[in-house]
Amino acid sequence: MTAPVLRIGNASGFYGDRFDALREMLTGGPLDVLTGDYLAELTMLILGRSRLKDPQKGYATTFLRQLEEGLGLAHERGVKIVANAGGLNPAGLADAVRQLADKADVPVTVAHVEGDSLPVPDGFLTANAYLGGSGIAACLRAGADVVVTGRVTDAALVTGPAAAHFGWGPDDLDALAGAVVAGHVLECGTQATGGNHAFFGEHDPARLRRPGFPLAEIHADGSSVITKHDGTDGVVDLSTVTAQLLYETGGARYAGPDVTARLDTVRLTPDGPDRVRIDGVRGEAPPPTLKAGLTRLGGWRNEVVFVLTGLGIEAKADLVKAQFADALERGGSRPPAEVRWELARTDHTDADTEERASALLRLVVRDQDAEAVGRAVSGAAIELALGSYPGFHVTAPPGKGAPYGVFEARTVPAAEVEHIAVLPDGTRQVIEPVFRTLELAEVEEPPLPGPYPSGTPTRRVPLGLIAGARSGDKGGDANVGVWVRDDDAWRWLAHELSVERFKELLPETVDLTVVRHVLHNLRALNFTVHGLLGEGVAAQARFDPQAKALGEWLRSRWLPIPVALLEGIDAPEVTA
């Protein structure tokens, strides 16, 4: 009989995550399936460059090293392993896992999913469609103990095992949508268990020193409980799960290849210590297209960081800028296509250490020509060493420049992508695209709660005293999710934090398109800032290229907040 609960854990949120997590999850408590997410947008570029050097590579080698111990542990405990570590070469990784199993004398069966690779357009390095979980489900139904994939959606690592276990088909939209939501919570590992959490200061620091990785108890109707192994550090509560639900999502419709999950139907309720129940999720047919990610080398960049100490910081910065431009011109070199200066005033008045007395002036240059950002730039910067501002030094010697990458998101018809499950016996099973689809459209904005009473006393304090936030990147766009934890604060936030107020608080977004989405059940607003990150994380166009701290910047901004909402908050920042 099918077990009523499927326990799916996560042991990796990115390529480079905690190496010991796979062993810790296998030995820390009961599991049925252990997943690992190794593929971010930047990772595909890294793997593409790796494959250029060795066509046999292109997969996450860390995963293979983790299995040297973990494969035997998983077999002993009857745990299936599903990971997207195959990257650009899932067949190659599957073969490597088989070789490892033979060498270690561990009798496991291995399958893989392929078909995500698309024809690579001229000038690009990689092109991959985001597949769903059906291929994973087919591999598991055929008896695979280990399934490795290429580019699938992060949530597919959960929808696939859940569909295989409970026998869901493509029409079980609500159940699939519930699994998508659980998968999205798990995909970033310890971000669901207190990592990178806005309200971390409310917990014992010892609990957050080494958060345990999350797991989801999936039920046949798609509902789930998010938790972690007993005895592990970290925190699972309504706030940590809300934060992860808002991370790198957008509006109410969260589209994927298996189903479009309605995030505006998600219900979160406490289910005991370190347990949060997710239910009520409704699903709709997926769109007829799949997301595709393309990467390419975008050009060359170089960076020099000048340290400015003590008095006259602005004047010192102006001198360096003028001297650098003059040195470039006298050297006979054309200036790079893009020259950006940013002065970070990290200095303090009457500082008690030299470092606290110093500011950082960051120069970033870009060009299609490596020579334009290489020796000409580093030479122009370093020749100023004895003839510029007092106290001249840089954080590191200028280099010759390095290539940077670009990620582009496109859509491709799902019917044109060959989704193949390569079963343990070598059979190649073609996964047919979903028959019933629905064009993606924005939902009508729901009615807002009644406004907070006007005329109440306010204090000008940081937004973060009452609101949490989590932010991240999607290509060149940034996402900022903002939530509060009680109904009164929600009544205030929903009306106060408009797009106009958001732009006022974050002036860097003033000239960009910002879209606000309301998620009433989560007491949350999700903002998409289009174009903030230029050509994406690999291009490093911004100080914070993945917008990871954009939400914390927003929380640090001051605005009038009703005094009643601040009651009980132990915060010295609160001033009359």
Side-chain angles (χ1 to χ4, degrees), residues 10 13 37 39-41 129-134 151-160 162-163 168 170 172-188 191-192 216 218 222-224 226 241-268 276 278-293 409 411 414 434 436-446 470-475 477-483 515-530:
N10 170 278
D37 181 8
L39 301 183
E41 295 170 354
Y130 287 66
L131 304 179
S134 298
R151 179 73 277 185
V152 296
T153 64
D154 301 333
L157 301 176
V158 171
T159 62
W168 298 338
D172 291 309
L173 296 176
D174 290 347
L176 287 166
V180 163
V181 170
H184 183 67
V185 174
L186 294 189
E187 71 178 65
C188 287
Q191 281 196 170
I218 310 287
S223 64
S224 64
I226 305 299
V241 174
T242 297
Q244 182 56 28
L245 278 176
L246 296 174
Y247 181 64
E248 295 181 348
T249 59
R253 285 191 167 104
Y254 186 55
D258 301 310
V259 66
T260 294
R262 289 291 298 260
L263 298 183
D264 55 346
T265 64
V266 174
R267 285 197 305 259
L268 303 180
V276 172
I278 301 176
D279 63 12
V281 186
R282 302 299 304 273
E284 299 173 343
T289 58
L290 301 179
K291 176 183 175 181
T411 58
V434 176
R436 184 171 59 161
T437 62
L438 181 67
E439 290 285 351
L440 197 63
E442 294 289 344
V443 302
E444 189 173 321
E445 182 163 318
R470 177 164 284 164
S471 55
D473 65 301
K474 279 296 180 186
D477 300 336
N479 141 256
V480 186
V482 185
W483 76 95
V515 179
R516 186 181 96 149
H517 305 281
V518 178
L519 297 172
H520 180 77
N521 281 8
L522 301 177
R523 299 192 192 99
L525 303 172
N526 219 351
F527 294 87
T528 301
V529 185
H530 292 277

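Numbering starts at 1 and runs along the sequence shown.
Without hydrogens or angle criteria, T153 side chain to G132 main chain gives no donor-acceptor distance under 3.5 Å. With hydrogens and angles ignored, the 3.5 Å screen pairs a side-chain donor or acceptor of Q244 with a backbone N or O of H184. Side-chain atoms of N526 do not come within 3.5 Å of backbone N or O of G251 as any donor-acceptor pair. Formation of a donor-acceptor pair under 3.5 Å by the E41 side chain with backbone atoms of G475 is found in this model.
Counting heavy atoms from C-beta outward, R470 and L246 have side chains that stay 4.5 Å or more apart. Between S224 and I278, some side-chain heavy-atom pair lies under the 4.5 Å cut-off. Side-chain contact between R267 and N521 is present, with heavy atoms from C-beta onward closer than 4.5 Å. Residues D258 and P170 have side chains not in contact (no heavy-atom distance under 4.5 Å, counting atoms from C-beta outward). Contact of the L176 side chain with the W168 side chain is registered, since non-hydrogen atoms from C-beta on lie closer than 4.5 Å.
Scanning for ring pair (Phe, Tyr, Trp, His ring centres under 6.0 Å) contacts around H517 gives an empty result, with sequence neighbours left out. Taking T289 as the reference, nothing meets the side-chain hydrogen bond (donor to acceptor under 3.5 Å, both in side chains) condition, with sequence neighbours excluded. A search for side-chain hydrogen bond (donor to acceptor under 3.5 Å, both in side chains) contacts involving D473 returns nothing, not counting sequence neighbours.
In this structure, the separation between CG on N10 and CD on Q191 is 11.0 Å, given to the nearest 0.5 Å. Here the CZ-CG distance, from R523 to L268, works out to 10.0 Å after rounding to the nearest 0.5 Å. With values rounded to the nearest 0.5 angstrom, W483 atom CH2 is found 10.5 Å from L522 atom CG. Atoms CG and CD, on D154 and E248 in that order, are 8.5 Å from each other to the nearest 0.5 Å. The line from OG of S223 to CD1 of I218 is 8.0 Å long, rounded to the nearest 0.5 Å. Separating the CG atom in L519 from the OG1 atom in T249 is a distance of 7.0 Å, to the nearest 0.5 Å.
A salt bridge does not link R253 to E439: none of the charged nitrogens lies less than 4.0 Å from a carboxylate oxygen.
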Fill in: CA sep, side-chain torsions, deciding dist, call: L525, V518, side-chain contact (heavy atoms from CB on, under 4.5 Å)
CA-CA 5 Å; L525 303 172; V518 178; 3.9 Å; yes
Discussion item. Checking V443 against R262 for the side-chain contact (heavy atoms from CB on, under 4.5 Å) test, could you report, in this order, the C-alpha distance in whole Å, the side-chain angles of both residues, the deciding distance, and whether it holds?
Written reply: CA-CA 10 Å; V443 302; R262 289 291 298 260; 3.5 Å; yes
Fill in: Derivation of the side-chain contact (heavy atoms from CB on, under 4.5 Å) call for V259 and E284
CA-CA 6 Å; V259 66; E284 299 173 343; 5.8 Å; no
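The residue from T159, L157, L39 that alone fulfils the side chain to side chain contact (heavy atoms under 4.5 Å, CB included) condition with V152 is L157. Remark: of the listed residues L263, V266, V281, L263 is the sole one forming a side chain to side chain contact (heavy atoms under 4.5 Å, CB included) with Y254.
A donor-acceptor pair shorter than 3.5 Å cannot be found between the side chains of N479 and T528.
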